[in-house]
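The structure under discussion appears below in the form of structure tokens.
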Amino acid sequence: MKSLVTGGSGFLGGHLVEALIRRGEQVRVLVRPASKTEHLEQLGVELYLGDLGDIHSLRNSTQDIDIVYHCAALAADWGNWEEFEKINVAGTRNLLQAALERRVDKFIHISTTDVYGYPNSPVDETAPFRFRGWPYGDTKIKAEETVWEYYHQKGLPIAVVRPVNIYGPRSTTFVLEIAALLKKRSMVHIGNGLKPAGLVYVTNVVDVILLAAHNHFSIGQAYHVSDGSNVTWPQYVNRLADIIGAPHPRISIPYRPAYFIAWLMEKIYGTLTVKTRPLLTRMAVEFLGTDHGFSIEKAKKYLNYTPNVDFEEGMQQVKNWLLQIGYI
């Protein structure tokens, strides 16, 4: 079995590569010239220099590949629309086309529950997509729509995994960035703090990806993945604060005022054409202030998924990693 992983130099993709190597599979990783590959080189995987925008390199990288794992994406709550479109939409289409031409056995697309547009309710996989006017979520919707197009119209065997909010060792977004805000005492809570954050430890996501990859009945299906816990953002943030020795956030902003402040900041930054992200965005407010308790019953029932790492163990692993890299 030979696999191609995009985004293998990143957070989720890197953990997936490690799991594939442990399974004894041959792994090729698509990397860009600027990618940090030291970790991958230590694993002994095949590195292929290419880019999602270069269809020629994708045709070459998918040669003799059985399964494509598409983890690469631009994920942020603020940024240039053209970059999001280029990577998340056009890049996905290019990779799908290359995989189709090479007749790969399966294409595993890593999507996100952000495609639902933060419905503030625990919807299942049949819920409709919802465009919100924010580059990340909207381009991930377009990317997934393209995936389904290649399945329904062109017969490419696909499966879609929609993780909720991934944390764990080597996480920039949910570990290092929040830790930095905590150290600067800039982190705030949004809303009443009672809604599930939908956290999922990174190796639990990898487990579902591999279960979907090696289950024939997963073709043409989408699956949520989370830890299935009711841990809230304040619980997570406060635990991370304890780990790094920082004070808990003291400020909690009600949801509606926070949304208005974020809207105002976005307007100001847009008018002044400021390139850095606002201190608060509407996407961040909805992200931190809505219910992410999405159902994982489908993955449990049809993939026999059981979250192997719970919150306590996950945070211990985060602590161990932060100690290892000298952050604490």
Side-chain angles (χ1 to χ4, degrees), residues 1-14 16-17 20 25-37 40-41 43 45-76 79-112 114-115 129 131 135-163 209 212-213 218-222:
M1 182 71 70
K2 190 166 188 176
S3 303
L4 172 70
V5 178
T6 71
S9 61
F11 172 44
L12 174 60
L16 174 60
V17 170
L20 290 168
E25 298 188 19
Q26 292 179 280
V27 182
R28 178 183 295 161
V29 181
L30 182 73
V31 295
R32 294 173 297 169
S35 298
K36 295 181 180 180
T37 60
L40 297 172
E41 290 169 3
L43 294 173
V45 301
E46 178 188 351
L47 302 181
Y48 187 90
L49 196 64
D51 190 276
L52 291 174
D54 179 4
I55 187 67
H56 177 71
S57 70
L58 297 181
R59 289 188 176 114
N60 289 337
S61 66
T62 50
Q63 179 72 45
D64 301 320
I65 290 297
D66 299 299
I67 301 179
V68 172
Y69 297 93
H70 184 32
C71 301
L74 177 56
N80 183 279
W81 270 92
E82 291 183 359
E83 284 300 306
F84 282 93
E85 290 276 356
K86 177 182 176 181
I87 297 171
N88 295 351
V89 184
T92 297
R93 181 176 289 278
N94 288 340
L95 186 61
L96 287 162
Q97 182 60 34
L100 181 70
E101 293 174 9
R102 294 303 186 192
R103 299 188 179 187
V104 302
D105 293 334
K106 187 174 280 189
F107 187 105
I108 307 296
H109 177 67
I110 311 306
S111 186
T112 169
D114 283 22
V115 295
F129 295 159
F131 289 96
Y136 175 61
D138 285 10
T139 55
K140 288 297 285 185
I141 290 173
K142 292 179 181 178
E144 194 174 324
E145 288 177 339
T146 305
V147 171
W148 292 112
E149 172 192 327
Y150 268 75
Y151 170 65
H152 290 295
Q153 299 180 19
K154 303 185 180 184
L156 180 66
I158 66 96
V160 174
V161 176
R162 296 177 187 149
I209 291 171
S218 70
I219 293 176
Q221 300 296 320

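We use all heavy atoms of the structure for the numbers below, so side chains are in, but hydrogens, waters and symmetry mates are not.
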Donor on one side chain, acceptor on other, Glu144 and Ser111, under 3.5 Å: yes
Any Thr112 side-chain heavy atom under 4.5 Å of Arg162 side chain: no
Thr146 side, atom OG1; Leu95 side, atom CG - distance, nearest 0.5 Å: 12.0 Å
Pairwise side-chain contact, Ile108 with Ile110, heavy-atom cut-off 4.5 Å (strictly under): yes
Asn94 side chain vs Ile55 backbone, donor-acceptor pair below 3.5 Å: no
Ile158 side chain near Ile219 side chain, heavy-atom distance below 4.5 Å: no
Donor-acceptor under 3.5 Å (Lys36 side chain, Gly10 main chain): no
Side-chain donor or acceptor of Arg28 paired with backbone N/O of Ser61 under 3.5 Å: yes
Trace of the side-chain contact (heavy atoms from CB on, under 4.5 Å) decision for Phe129 with Glu145: CA-CA 9 Å; Phe129 295 159; Glu145 288 177 339; 4.2 Å; yes
Rounded distance [0.5 Å steps], CG in Leu49 versus OG in Ser35: 8.0 Å
NE2/His56: more than 12 non-hydrogen atoms of other groups inside 6.0 Å: no
Check: Asp66 side chain, Lys2 main-chain N or O, donor-acceptor pair, under 3.5 Å: yes
Distance (rounded to the nearest 0.5 Å) between Ile141 CD1 and Phe131 CZ: 4.5 Å
Stepwise side-chain contact (heavy atoms from CB on, under 4.5 Å) test for Leu96 and Phe107: CA-CA 8 Å; Leu96 287 162; Phe107 187 105; 3.7 Å; yes
Arg102 atom CZ, neighbour heavy-atom count above 12 within 6.0 Å: yes
Over 12 non-hydrogen atoms of neighbours within 6.0 angstrom of CD in Glu41: yes
Reported CZ-to-OH distance for the pair Arg93 and Tyr150, which is rounded to 0.5 angstrom: 5.5 Å
Where Gly79 and Pro135 come nearest, the two heavy atoms and their spacing: O-CG, 4.3 Å
Check: Gln153 and Trp148 side chains under 4.5 Å, non-hydrogen atoms: no
Any side-chain heavy-atom pair of Tyr151 and Pro157 under 4.5 Å: no
Verdict with supporting geometry, Leu58 and Leu30, side-chain contact (heavy atoms from CB on, under 4.5 Å): CA-CA 8 Å; Leu58 297 181; Leu30 182 73; 3.6 Å; yes
Side-chain heavy atoms of Lys106 within contact of Val68, under 4.5 Å: no
Audit row: Val29, Ser9, side-chain contact (heavy atoms from CB on, under 4.5 Å) steps and yes/no: CA-CA 8 Å; Val29 181; Ser9 61; 5.8 Å; no
Straight-line distance of Thr139 OG1 to Leu74 CG, nearest 0.5 Å: 7.0 Å
4.5 Å side-chain heavy-atom contact, Val89 and Phe84: no
Any donor-acceptor N or O pair under 3.5 Å, side chains Lys142, Thr92: no
For the student: nearest non-hydrogen atoms of Tyr69 and Ala213, plus distance: OH-CB, 3.3 Å
Contact check, side chains of Met1 and Ile67, non-hydrogen atoms, under 4.5 Å: yes
Donor-acceptor under 3.5 Å (Ser57 side chain, Asp51 main chain): yes
Donor-acceptor pair, side chain of Ser218 and main chain of Ala212, under 3.5 angstrom: yes
Nearest-0.5 Å distance that lies between atom CD in Gln26 and atom CG in Asp64: 9.5 Å
Flag for Asp114-Tyr136: side-chain donor and acceptor within less than 3.5 Å: no
